[in-house]
Amino acid sequence: MFLTSRRVIIVVFVSVVVLLVLAPDVQAAVTGACSNCHTMHNSQDGSVLDATVNDTLLVSSCIGCHSSSGSETIVNFGPTRIPIVFNTTGYPTKPLAGGNFYDVAAAGGNIDSHGHNVYGISNQDSDLDHAPLDLWGGGCTNSCHASLAMPKSSMTDTQIDGCKICHQKYKHHGTDIAEGSMETEESGWYRFLGGHDARYGGGIVMLTSYVAGIEDADWEQDPTLGHNRYQGAVTNHNDNVLLQTTHSISAFCTGCHAQAHMNTEDAASGVWLRHPTMIRLPTTGEFADYNPETDYDASVPVGWLDPTTPTRSDAVVTCLSCHLVHGSQYPDMLRWDYSAMTAGGGDNETGCFKCHSSKDS
Ligand code: HEC
Ligand code: HEC
Ligand code: HEC
Ligand code: HEC
Ligand code: HEC
Ligand code: HEC
């Protein structure tokens with residue numbers, strides 16, 4: 001009797017504390033019973049210890065939690081919403097901001113060009129033996145510059161594999177950030193994204209190699225409710241833009257695709273050899289038609305020099321303006337079907353034409 005009521009009191013007390021701590025939860029930190037996600041001895045019901053044990057006593061791997069055999073892209077798990085990046089039975093109709101890995105998986109047909117091939121989801125890319133447009137050659141063989149689908153044990157230069165290569169700052173128990181505010185170190189930065197400074201030999205991860213930004217609460221599952229605000233940067237065509245100083249989403253990509261932006265072959269000429277990224281979206285000419293400050297189109301996103309104060313003149317082109325990062329349904333991980341972008345093909349407001357508004361007519 002006594003024990004029971006004391007237990008009730010403890011339970012009530014614990015719940016109140018949990019509620020107090022978690023109630024103003026806007027996003028970011030996980031919620032729910034520890035046992036939903038962690039296992040203490042990894043041997044419940046006498047089962048044999050799993051040799052491929054997950055980090056931090058988790059019941060699942062990154063992919064295990066973030067994939068689903070259904071078509072939903074946000075799965076409710078007790079009080080927790082799990083963002084799904086890999087739907088194993090079909091490309092979802094409402095993919096999250098990063099797209100979906102379905103097409104690069106065996107079930108999706110192993111279409112390597114539709115996404116990043118990631119360890120645990122797909123084999124190594126059969127066409128690409130390293131990141132295209134990388135400053136390839138110097139000591140990065142068997143590293144994440146070669147493939148993101150290599151098991152850690154085969155790598156010579158890194159200590160992590162799969163999802164963690166990009167999401168180096170993961171912090172599921174990080175602090176919650178008020179909606180509309182910039183992510184912080186305590187919250188795991190923008191979508192837990194970050195890079196490393198030097199080689200992994202010493203295991204050094206730079207504290208300053210993170211991506212900044214403002215996160216949409218439903219990962220853009222429904223972009224009419226709100227959208228991410230990416231950190232942009234403006235640079236000269238041949239500058240080596242560093243993640244450590246700009247914290248921009250494009251600098252994150254150029255960590256592995258350095259020449260997507262740079263003109264390293266001809267640094268002096270000032271001519272763009274590749275489509276410009278990290279430049280302001282001009283407010284004049286054909287670009288005047290797209291005003292992302294007042295009428296943002298999440299299928300052709302831009303970055304902002306100051307995401308807390310999005311200003312039309314400070315809107316910049318980013319890698320994500322044209323690409324999805326996990327995977328898409330089109331070659332080169334493009335957001336839209338490039339082969340359908342036909343000059344003079346009639347009224348069209350999608351893809352290239354969102355910015356190049358006069359090239360359709
Ligand atoms: C036990 C289940 C579980 C595991 C394992 C797990 N996650 Fe998560 N993850 C979640 C949940 C739940 C959320 C959503 C938290 C929230 O409400 O914002 C989340 C959110 C995320 C986000 C989005 C963060 C944001 O800012 O919205 C990323 C990125 C992520 N996880 C990456 C990873 C990586 C990388 C791993 C492996 C190291 C991993 N997850 C392992 C459950 C899991
Ligand atoms: C919805 C899933 C989820 C729930 C519920 C959850 N965790 Fe976690 N926890 C994770 C994930 C995923 C990681 C590993 C990735 C990371 O650190 O971001 C983690 C990491 C940890 C870590 C190591 C990293 C750190 O932040 O210190 C501890 C300790 C931890 N959890 C304790 C707990 C305890 C105690 C509870 C219950 C009060 C709990 N967790 C509930 C998902 C969860
Ligand atoms: C090549 C780098 C890269 C790899 C590899 C990668 N991610 Fe991501 N991920 C990103 C970026 C960049 C974003 C932010 C996308 C945005 O906001 O447009 C993101 C966003 C997310 C989100 C938030 C939902 C969304 O779509 O915005 C989750 C959850 C997530 N990633 C989990 C994973 C898991 C699990 C894996 C491994 C299966 C993984 N990621 C592999 C770069 C990567
Ligand atoms: C950690 C290194 C790394 C980062 C960071 C990274 N990539 Fe990649 N990327 C690769 C590798 C390796 C390949 C080649 C193998 C593959 O496709 O998985 C690749 C392939 C690609 C391809 C060609 C896809 C194909 O298979 O034909 C595109 C497009 C691309 N990345 C865009 C991006 C964008 C955009 C970002 C930033 C949001 C980014 N990458 C960040 C390593 C990276
Ligand atoms: C204006 C749209 C646009 C922007 C911005 C853009 N890309 Fe691309 N990207 C494309 C298109 C279209 C292709 C298809 C091939 C082509 O036309 O060159 C492509 C192809 C690629 C490839 C594959 C190249 C190959 O050889 O297989 C990679 C890698 C890539 N982009 C990375 C990036 C990165 C990193 C950034 C940011 C620095 C970026 N892209 C910015 C449109 C864009
Ligand atoms: C997010 C906006 C945006 C999108 C989407 C976009 N562009 Fe651009 N594009 C620009 C900007 C900005 C410039 C530079 C204009 C300037 O400074 O005069 C540019 C310049 C160009 C140039 C001229 C480059 C040069 O050397 O002068 C070409 C060609 C081009 N884009 C083709 C495309 C194609 C093809 C697509 C679709 C795959 C595309 N763009 C998508 C914004 C965009």
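All values below were derived from every heavy atom in this structure, side-chain atoms included, with hydrogens, water molecules and symmetry-related copies excluded. This is a predicted model, so every value here is computed, not measured. Indexing begins at 1, ligand by ligand and atom by atom, following the structure's order.
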- Message: Quick one, Ile249 with Cys319, criterion side chain to side chain contact (heavy atoms under 4.5 Å, CB included). Give me CA distance, side-chain angles, the key distance, then yes/no.
- Response: CA-CA 8 Å; Ile249 189 72; Cys319 309; over 6 Å; no
- Item | Candidate pair His116 and Phe101, rule ring-ring contact (aromatic ring centres under 6.0 Å, His included), full reasoning | CA-CA 8 Å; His116 278 116; Phe101 285 107; 8.0 Å; no
- Task: Using the side chain to side chain contact (heavy atoms under 4.5 Å, CB included) rule, take Tyr119 and Met150 through it: C-alpha gap first, then chi angles, then the decisive distance, then the call.
- Result: CA-CA 6 Å; Tyr119 183 67; Met150 238 188 281; over 6 Å; no
- Task: Could you walk me through whether Val325 and Leu320 pass side chain to side chain contact (heavy atoms under 4.5 Å, CB included), step by step?
- Result: CA-CA 7 Å; Val325 68; Leu320 294 184; 4.2 Å; yes
- Message: Under the criterion ring-ring contact (aromatic ring centres under 6.0 Å, His included), I'd like the reasoning laid out for Tyr330 against His114: C-alpha separation, chi angles, the key distance, then a yes or no.
- Response: CA-CA 5 Å; Tyr330 305 107; His114 285 199; 7.1 Å; no
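Listed by atom number, the atoms of ligand 3 under 4.0 Å from Ile63 heavy atoms are 38 (C). Taking a cut-off of under 4.0 Å to the non-hydrogen atoms of Lys171, the atoms of ligand 2 that pass are 18 (O). Listed by number with element, the atoms of ligand 1 under 4.0 angstrom from any heavy atom of Ile82 are 12 (C). Atoms of ligand 2 found under 4.0 Å from any heavy atom of Ala33 (numbered from 1 in listed order, with element): 5 (C). Proximity to Thr31 (heavy-atom distance under 4.0 Å) selects the following atoms of ligand 2: 1 (C), 5 (C). Close approach to Gly32 involves these atoms of ligand 2, each under 4.0 Å from a residue heavy atom: 5 (C). Distances below 4.0 Å separate heavy atoms of Lys164 from the following atoms of ligand 1: 38 (C). If you number the atoms of ligand 3 from 1 as listed, the ones under 4.0 Å from a heavy atom of Leu148 come out as 1 (C), 5 (C). Ligand-side atoms of ligand 1 in range of Ser61: 5 (C), range being under 4.0 angstrom from any heavy atom. Residue Pro83 approaches ligand 3 through these ligand atoms, each under 4.0 Å from one of its heavy atoms: 29 (C). Taking every heavy atom of Thr80 and a limit of under 4.0 angstrom, the matching atoms of ligand 1 come to 12 (C). Counting atoms of ligand 3 from 1 in the listed order, those under 4.0 Å from a heavy atom of Leu320 are 18 (O).
Note that the CG atom of Asp216 and the CG atom of Asn228 stand 5.5 Å from one another [nearest 0.5 Å]. To the nearest 0.5 Å, atom NE2 of residue His326 and atom CG of residue Asn100 are 9.0 Å apart. Distance check: His275 NE2 to Cys322 SG gives 6.0 Å after rounding to the nearest 0.5 Å. Here the CD-CG distance, from Glu220 to Leu225, works out to 11.0 Å after rounding to the nearest 0.5 Å. Between the CE atom of Met182 and the CD atom of Glu215 there is a distance of 10.5 Å, given to the nearest 0.5 Å. Taken from OG in Ser122 to OH in Tyr102, the straight-line distance is 13.5 Å, to the nearest 0.5 Å.
Between Glu349 and Lys354 there is no salt bridge, since no side-chain nitrogen of the basic residue lies less than 4.0 Å from a carboxylate oxygen of the acidic one.
At least one heavy atom of Trp219 sits less than 4.0 Å from an atom of ligand 1. Every heavy atom of Phe192 sits 4.0 Å or more from the atoms of ligand 3.
Contacts between Ser187 and ligand 1 below 4.0 angstrom, taking non-hydrogen atoms only, are absent altogether. In Ile121, the part holding a heavy atom less than 4.0 Å from any atom of ligand 3 is the side chain. Under 4.0 angstrom from ligand 2, there are no non-hydrogen atoms of Cys65.
Judged as a side-chain hydrogen bond (donor to acceptor under 3.5 Å, both in side chains), the pairs with a partner in residues 300-316 (not counting sequence neighbours) are, in order, Arg280-Asp314, Asp306-Thr308, Asp306-Thr309.
The minimum heavy-atom distance linking Ser299 with Pro301 is given by the pair C-CD, 3.5 Å. Pairing each heavy atom of Glu186 with each of Lys171, the nearest pair is O-CD, 3.3 Å. For the pair Phe252 and Cys166, the tightest heavy-atom approach, listed with the atom from each and the gap, is CZ-CB, 3.6 Å.
Taking 2.8 Å as the threshold, Cys62 does not count as a candidate ligand of atom 8 (Fe) of ligand 1, since none of its N, O or S atoms lies below it.
Judged purely by atom type and a 3.5 angstrom limit, His247 uses its side chain to pair as donor or acceptor with the backbone of Tyr210.
For atom 29 (C) of ligand 2, no protein non-hydrogen atom is found at a distance below 4.0 Å. In this structure, atom 25 (C) of ligand 2 is not in close contact with the protein, since no protein heavy atom lies within 4.0 Å of it.
With hydrogens left out, the protein atom closest to atom 17 (O) of ligand 3 is Tyr190 OH, 2.5 Å, a heavy atom. Counting protein heavy atoms only, atom 41 (C) of ligand 3 is closest to Phe101 CZ, 3.6 Å.
Side-chain contact, Thr208 with Gln244: no donor N or O sits under 3.5 Å from an acceptor N or O. Ser187 and Thr175 form no side-chain donor-acceptor contact under 3.5 Å, judged by distance and modelled atom types alone.
The shortest N/O to N/O separation between Tyr170 and ligand 1 does not fall below 3.5 Å. Of the polar atoms of Tyr230, at least one N or O is found under 3.5 Å from an N or O of ligand 3, judged by distance alone. Where the criterion is an N or O separation shorter than 3.5 Å, residue side chain and backbone included, His66 meets it with respect to ligand 1.
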Run the side-chain donor-acceptor check on residues 69-78: report pairs under 3.5 Å with partners two or more places apart or on a different chain.
residue, atom, partner, partner atom, Å
Thr73, OG1, Lys94, O, 2.7
Thr73, OG1, Gln221, NE2, 2.8

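Of all protein atoms, those that are N, O or S and lie under 2.8 Å from atom 8 (Fe) of ligand 2 total 2.
Taking the six-membered ring where tryptophan is involved, the planes of Tyr230 and Tyr190 are perpendicular, since the angle between them exceeds 60° and thus also 30°.
Cation-pi geometry between Lys169 and Phe192 is not satisfied (NZ or CZ under 6.0 Å from the ring centre, within 45° of the ring normal).
Residue-and-atom listing of protein N/O/S atoms under 2.8 Å from atom 8 (Fe) of ligand 3, sorted by chain and number: His167 NE2, His326 NE2.
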